[in-house]
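Below, read A as the first sequence line, B as the second, and so on, with proteins coming before strands; counting in each chain starts at 1.
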Amino acid sequence: MEILLVLIPVSLFLGGIGLAAFIWALRSNQFDDLEGDAWRILRDDYDDRPKSD
Amino acid sequence: MTGADSAEARGGVVSACPACAAAPAAGALAARSAGSEEAGRLILSVPGAHCAACISTVERTLERVPGVREARLNLSLKRATVDCTPEVRADDLVAALAAVGYEAHELDPGVLGTRGRDREGRELLMRLGVAGFSMMNVMLLSVAVWSGAEAATRDLLHWISAVIAVPTVAFSAQPFFRNALAAVRVGRLNMDVPISLAILLAVGMSLFEVSQHGADAYFDAALSLTFFLLAGRYLDHRARAAARSAAAELAALEVPRAIRIGPEGDTTVAVDTLAPGDLVRVLPGSRVPVDGIVVEGESEIDRSVLTGETVPAPAAAGTRLVAGETNLTGPLVLRVAAAAGDTALRRMAELVAVAEMGRNRYTSLADRAAAIYAPGVHLLALVTFAGWLVAGVGLRDALNVAIAVLIITCPCALGLAVPAVTTAASGRLFRRNLLVKEGTALERLAEVDTVVFDKTGTLTMGMPEPVGLGEHPRAALEVARALADASAHPLARALASALADAGVKPARVRDVREIPGKGIEGRRGGAIVRLGRPEWVGAEPSDETTSCLSLGHGQVLTFRFRDRLRPGAAALVERMRAMGLEPHVVSGDAPAAVRRLATSLGIEHFVAGAMPEEKVAYLERLSASGRKVLMIGDGLNDTAALAAAHASISPASALDAARVASDVVVLSRDLSPVAEALSTARAARRRILENFLLAAAYNAVAIPLAVLGHASPLAAALAMSASSITVSLNAMRLR
C-alpha cells in the first residue's frame, strides 16, 4: 500500500496540469467562440505560415 | 482649427475648439463617442456569417480597409471586432462588407458592456472545469474505497478526498448557494434549495463520518452533483446568452442622431439633446428622429413600420410626422414637437413593457416541477429521520439515512432535463435559420392553438411589385423606364427594376427632374411627361397602390402595384391548418389589400386598418376566450401585440423593437421554417416530460432503498450518473 503515497500525488499532479491548462485556455479567450473555432481549422488561410501581427 | 486639433477632438481627450464650446451638445457627443471608440476598436454585427468561408471573406475584407490592424469574426455571436486606427469610420467598414455581400451594422461597445464578453458564461465554465477535475480525482479515490480499502488506508483516502472536495464545493457550488439563499430569504422554495442542502449535508456528514473513522463518505456524490448540475446550468446559460446578446445588440444598434439646424449651420447631435421647438433636417431615405411638424419641404413618407400601410403618404408644410417613419423623396425641415422621451416611439415601448409584464407570469415546466419536488423531498427526508428515530436507532444513524435520502433524490436529472432538451432543440432550429431567444419560448410555442399574422412585411415582403405591365404599349413603358430610373422612390425603383427585367430600354427623355412628394417630370418631343401620384398626373386616385404615367396629350396610364407574398407563406398557412392551428390576419393596411391577401391564402378571420392598440385588444379577446395565440409580425405597430401574445415570432427583416419583443426570429427570407419551429417545440415538450418521467422512475427505485437505509455512496453515484446520462441521451434524440 506504500505505493499509494507515490501514486496519489502523481495522479493529482497530472490532473492539476490538465486543470491549469483549462484555466489558461479559458483566460486567453479560447472558449469565446467555439463554433467559429470549429470552422477555422477547416480554412486554408495561414496554412503555409502563421498570421503575422 | 488645425488638423491635429480635430484629430484630438475626435479622440475625445479634450474638446477645445470654439464651435464645440459654443454648442455643448456637440461636446457631449464627442465625449460619448470617445467612450465608445476607445483606442480605435469598432464592433460590427454581421448577422449573415455562418461558415468557414464567411470567416475568411469577412476578416480579409475588413483587413484590406486602410487603417485596420486586425479583424476577428466571432461566429457564435456573429460579431466582428475590428482593431484599427481612430481615423477608420464604421461606415467604411460596413460599406466594404456590403460590397462582398455581407450585411453589417455598427454596434455601440459601451452598451455591450466591457469588451462585449460573456462574463457569466466564463465564470460558469470555470466552476464546471474545477468541479470536473475534482470529481474525477475523488471518484478515483472512492473506487479504491469501494473495492475494499480498510482502516488506515480508507481514512487516508477519505481525508484526501475531503481536502479536494471541500474547497471545490466552496468554489463551484456558489451559484446554487446564492440562488437558494435568495429564494429562502423571500420565503420561497426553488430547485436550488434541495440542491444546496444536499451538497452541504453530503459534505458535512462525510466530514463528520471521516473524523469518526466511519465507512461511508459522500464526497464523490457531492462533487458529481455539483458537476452535472453546473453542466445543466451552463447549457441553459448558453441557450440564453444568444438571446441576451441579441437584445443588447439591438440596444447598441440604435445610435440615435439627428441633424439640428442651429445659428452656425447644421450639427449632428444625439436625439436626447433635442428640445421642443428645435429645427431638424430629415434627409431623403432616413428615419424621422422625433415627433414634429414639417415647416419646409415636400416629400412622401413611408409609414409602413408604424401603421402597416403600404401606400406612401404625402408630406408638406404643416404635416405632422411621428418618430420612426421614413422620409422618401425630398429633404424636410421639421420643428420638434415633443422631447425625445415623449415620442410616439417611446409610448409604443411603454405599451410593450406593460404587455411583457403579463408574459413574465408564465411558469415554466421546470418551475412547476420544482414547486412540487422541493417540498416533497424535504418532507420525505424529515419523515425518514423521524421514522428511524422512533424505530430506536441512534441520532447519528437516523441523520445519516435522512441525509442519504436527500442526496439520492437530489434533482440531478431534473436539473438537466429541461436545459439539455432546449439546447438540442435550439441547435436544431438554428440550423434551420431560426433563432430561439427565450428560455421558455419552446414550451409556450408547443401550447399554441391560434396564429395571428401581420400582413405587410410578414406574409408579404413589404416591397411593392408592378402587376400587369404587359397591358401597356411598349413605347409608354420605355418612357416610364426613363422617368423611373431618375428616382429613388420605392415605387419608381420597383417599376424600373421590373421594366429592366422585362428588357424594356429607357426612351430619350430630356430635362428629367424629381418633384418631391409628387413624382418625376421630363420633356419628350414637345410634350411634358410625368410619372407619379395619380392626382398630380391627372388621374383618379384609388385605394390601391398605383403610380400613373401621363404622356402629355391627356393620355394617362395607370401602373398597379402589389405587395409580393413572402416565399413559404402559403405553404406555412397550409401546414399550420394541418397541425390544427387557426390562422388570423390583423393588419393596419387598407381593407381591400387585406381582403385580397386573406382570400388568396384562404384565411377566414381578418381585420384591416387596425391600430397597434387594436391589435393588442384583438389578441386579448382571443386569449380571453381561452386560446393560446402565436403572433407573427414585423412592424413597430406589431410590437405590443408580439409582447402580449402567448408566443411570438418575427422575421429578421423586422424592426429592432419587434425582434426584441419576439421569442423566435426567422433568419431566412422564407417563412416556412416557422412550421418547423412549432413541430420542434411540440417534440421538445414531449422530451421534457419524458425526462421528468425518467427522473421520477430512477427516484421510484432509489427512494425506497434510501429510506430503508440501504443507500450507499456507490448506489448514489450510480443512480446519479445513470439518470443524468439517460436524460441527456433522450434529449439528444431531438437533434
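- A:Leu19 approaches B:Gly129 most closely through the heavy-atom pair CD1-O, 3.8 Å.
- Taken to the nearest 0.5 Å, the CE atom of B:Met126 stands 4.5 Å off from the CZ atom of A:Arg27.
- Of all heavy-atom pairs between A:Asp37 and B:Arg72, the closest is OD1-NH2, 3.7 Å.
- Between the CG atom in A:Leu12 and the CZ atom in B:Phe133 there is a gap of 6.0 Å [rounded to 0.5 Å].
- Residues B:Leu75 and A:Arg40 have side chains not in contact (no heavy-atom distance under 4.5 Å, counting atoms from C-beta outward).
- Only the side chain of B:Asn137 has a heavy atom closer than 4.5 Å to any heavy atom of chain A.
- Contact of A:Ile8 with chain B is made through the side chain alone, with heavy-atom distances under 4.5 Å.
- Between B:Leu125 and A:Phe22, some side-chain heavy-atom pair lies under the 4.5 Å cut-off.
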